[in-house]
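Note that these values count all heavy atoms, side chains included, but never hydrogens, waters or copies made by symmetry. We name chains A, B, ... by the order of the sequence lines, and we start the count at 1 in each one.
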Amino acid sequence: MAAKPDRKTALRVLGTLEETYPDAHCALNYSNPLELLVATILSAQCTDVRVNQVTEGLFRRYPDAAAYAGADLSALEEEIRSTGFFRNKARNLVACGAALLERHGGEIPRTLEALTALPGVGRKTANVVLGNAFGLAEGLVVDTHVKRIAGRLGWTRHSDPERIERDLCALFPREKWTQASHVLIFHGRQICKAPTPLCTLCPVLSDCPRIGVTRSR
DNA sequence: ATCCCGAGGG
DNA sequence: CCCTCTGGAT
């Protein structure tokens with residue numbers, strides 16, 4: 001049996017990560033909820049740097065939900081082509097604009113349920129928007145980095161992101177969820193990488209179950 | 001070849 | 001749980 005995650009240890013780890021990465025923040029740094037939503041939709045399998053480049057011009061041409069709803073699909077595809085998965089993303093952005101108009105008067109809804117009901121918006125994107133645009137996080141942002149770290153630290157034994165999120169929510173108080181997402185993602189990108197973590201540089205190595213199991217450099 | 005702050009469908 | 005969708009950087 002895997003030892004169940006120790007809440008006290010987990011909180012200590014999180015505290016250390018917060019001290020180590022005081023500037024950890026959302027890589028898609030948009031206070032406008034629509035911009036954040038669009039940027040996050042575009043971020044699938046794409047670097048945040050490229051998303052920021054692409055969205056820079058995009059927001060001028062598509063300032064609101066109506067602009068996406070009425071967009072020319074193939075033109076939008078071309079504009080976001082370099083972010084990958086561009087056909088899915090363009091179709092979703094247009095459908096999303098229409099859904100925002102029909103269901104929410106062109107505004108961005110503020111609940112997980114309403115956000116995930118939008119085309120192309122899953123749990124991860126919804127949590128990013130809720131936490132960073134509204135300060136109303138209903139959970140943690142579980143991306144590939146958070147998945148990996150939660151597994152390595154023994155915080156979860158699940159692989160399904162929804163169940164991982166449940167485990168992490170149980171581990172940390174609600175007011176820490178958004179910042180926890182940021183430091184975990186930052187740590188995952190800089191240190192606890194896949195497949196080779198830079199353990200010699202890791203600030204929470206002494207609390208990591210992988211000591212003695214995994215070699216690193 | 002492998003990775004990038006995923007979503008939706010089988 | 002699996003698979004597909006896609007381009008760009010390293």
Side-chain angles (χ1 to χ4, degrees), chain A residues 14 17 21 23-31 33 35-58 68 73-74 76-100 109 112-133 137-152 156-166 168 177-198 216-217:
Chain A
L14 183 60
L17 292 178
Y21 314 121
D23 301 324
H25 61 281
C26 186
L28 293 327
N29 204 357
Y30 305 100
S31 51
E35 293 185 354
L36 181 58
L37 178 66
V38 171
T40 309
I41 288 173
L42 293 181
S43 74
Q45 289 304 100
C46 177
T47 61
D48 52 329
V49 176
R50 182 161 302 278
V51 171
N52 287 328
Q53 287 171 188
V54 169
T55 52
E56 195 174 331
L58 208 61
Y68 285 101
L73 186 56
S74 45
L76 185 54
E77 283 181 355
E78 286 314 307
E79 292 176 291
I80 66 172
R81 173 180 280 276
S82 68
T83 67
F85 298 161
F86 62 94
R87 277 181 279 262
N88 287 339
K89 288 173 181 175
R91 182 171 16 89
N92 285 148
L93 286 176
V94 173
C96 208
L100 287 172
L112 188 66
E113 194 185 2
L115 280 165
T116 52
L118 297 170
V121 180
R123 240 189 139 67
K124 185 264 178 181
T125 299
N127 278 151
V128 167
V129 172
L130 285 173
N132 298 290
E138 291 185 33
L140 275 85
V141 174
V142 179
D143 71 342
T144 55
H145 299 296
V146 176
K147 273 187 217 170
R148 187 173 65 249
I149 294 177
R152 285 178 177 173
T156 185
R157 39 186 181 129
H158 297 293
S159 54
D160 171 39
E162 190 167 342
R163 272 179 276 191
I164 293 177
E165 191 184 336
R166 236 181 278 153
L168 297 189
W177 288 351
T178 296
Q179 191 56 23
S181 304
H182 293 157
V183 296
L184 289 174
I185 290 165
F186 193 85
H187 182 59
R189 297 178 73 177
Q190 306 299 320
I191 306 292
C192 198
K193 305 189 197 183
T196 316
L198 308 178
S216 69
R217 188 156 45 99

- line: Of A/A194 and A/T116, the one whose nearest nucleotide on DNA chain B sits closer to the 5' end is A/A194
- line: Taken to the nearest 0.5 Å, the spacing of A/R189 CZ from A/D48 CG works out to 4.0 Å
field: Approximate separation, where rounding is to 0.5 Å, of A/I80 CD1 and A/F85 CZ
entry: 12.0 Å
task: Using the P atom as the reference point in each nucleotide, state the distance between C/dT4 and B/dC5 in Å, no decimals.
output: 23 Å
Would you mind reading off the distance between [X] atom [atom1] and [N] atom [atom2], rounded to a whole angstrom?
| X | N | atom1 | atom2 | result |
| --- | --- | --- | --- | --- |
| A/E162 | B/dA7 | CD | P | 12 Å |
| A/K89 | C/dT4 | NZ | C1' | 14 Å |
| A/L42 | C/dC5 | CG | P | 19 Å |
| A/L93 | B/dA7 | CG | P | 13 Å |
| A/L115 | B/dG8 | CG | C1' | 17 Å |
| A/L37 | B/dA7 | CG | C1' | 13 Å |
| A/Q179 | B/dC5 | CD | P | 17 Å |
| A/R50 | C/dG7 | CZ | P | 12 Å |

query: Is the shortest side-chain N/O distance from A/R87 to OP1 or OP2 of C/dT6 below 4.0 Å?
result: yes
message: Under 4.0 Å from OP1 or OP2 of B/dA7: is there any side-chain N or O of A/R123 that close?
response: no
Among [options], which nucleotide has an atom closest to any side-chain atom of [X]?
| X | options | answer |
| --- | --- | --- |
| A/I185 | B/dC5, B/dG6, C/dG8 | B/dC5 |
| A/S82 | B/dC5, C/dG7, B/dG6 | C/dG7 |
| A/T47 | B/dC4, C/dT6, B/dG6 | B/dC4 |
| A/Q45 | B/dC4, B/dC5, C/dG7 | B/dC4 |
| A/D48 | B/dC5, C/dG7, C/dG8 | B/dC5 |
| A/A44 | C/dG7, B/dC5, B/dG6 | B/dG6 |

query: Can A/F85 be called stacked on B/dG6 when the rule is centres closer than 5.5 Å and an angle between planes below 30°?
result: yes
What's [X] touching, base or sugar-phosphate or nothing? Going by heavy atoms closer than 4.0 Å.
| X | value |
| --- | --- |
| A/G84 | base |
| A/H158 | nothing |
| A/L140 | nothing |
| A/T125 | sugar-phosphate |
| A/R189 | base |
| A/N88 | base |
| A/V146 | nothing |
| A/P161 | nothing |

- request: Take A/K124 and A/T40, measure what side chain to side chain contact (heavy atoms under 4.5 Å, CB included) needs, and give me the verdict at the end.
  value: CA-CA 9 Å; A/K124 185 264 178 181; A/T40 309; 3.7 Å; yes
- request: Keeping the roles fixed (side chain from A/R148, backbone from A/G188), state whether a donor-acceptor pair exists under 3.5 Å.
  value: yes
task: Check whether any side-chain N or O of A/K147 sits under 3.5 Å from a backbone N or O of A/P161 as a donor-acceptor pair, and report yes or no.
output: no
query: Taking it one step at a time, do A/H145 and A/L184 satisfy side chain to side chain contact (heavy atoms under 4.5 Å, CB included)?
result: CA-CA 7 Å; A/H145 299 296; A/L184 289 174; over 6 Å; no
Show me the donor-acceptor pairs within less than 3.5 Å that the side chains of residues 23-31 of chain A make with the rest of the protein, sequence neighbours left out.
from  : atom 1 : to    : atom 2 : distance (Å)
A/H25 : ND1    : A/D23 : O      : 2.8
A/Y30 : OH     : A/N52 : OD1    : 2.6
A/Y30 : OH     : A/T55 : OG1    : 2.8

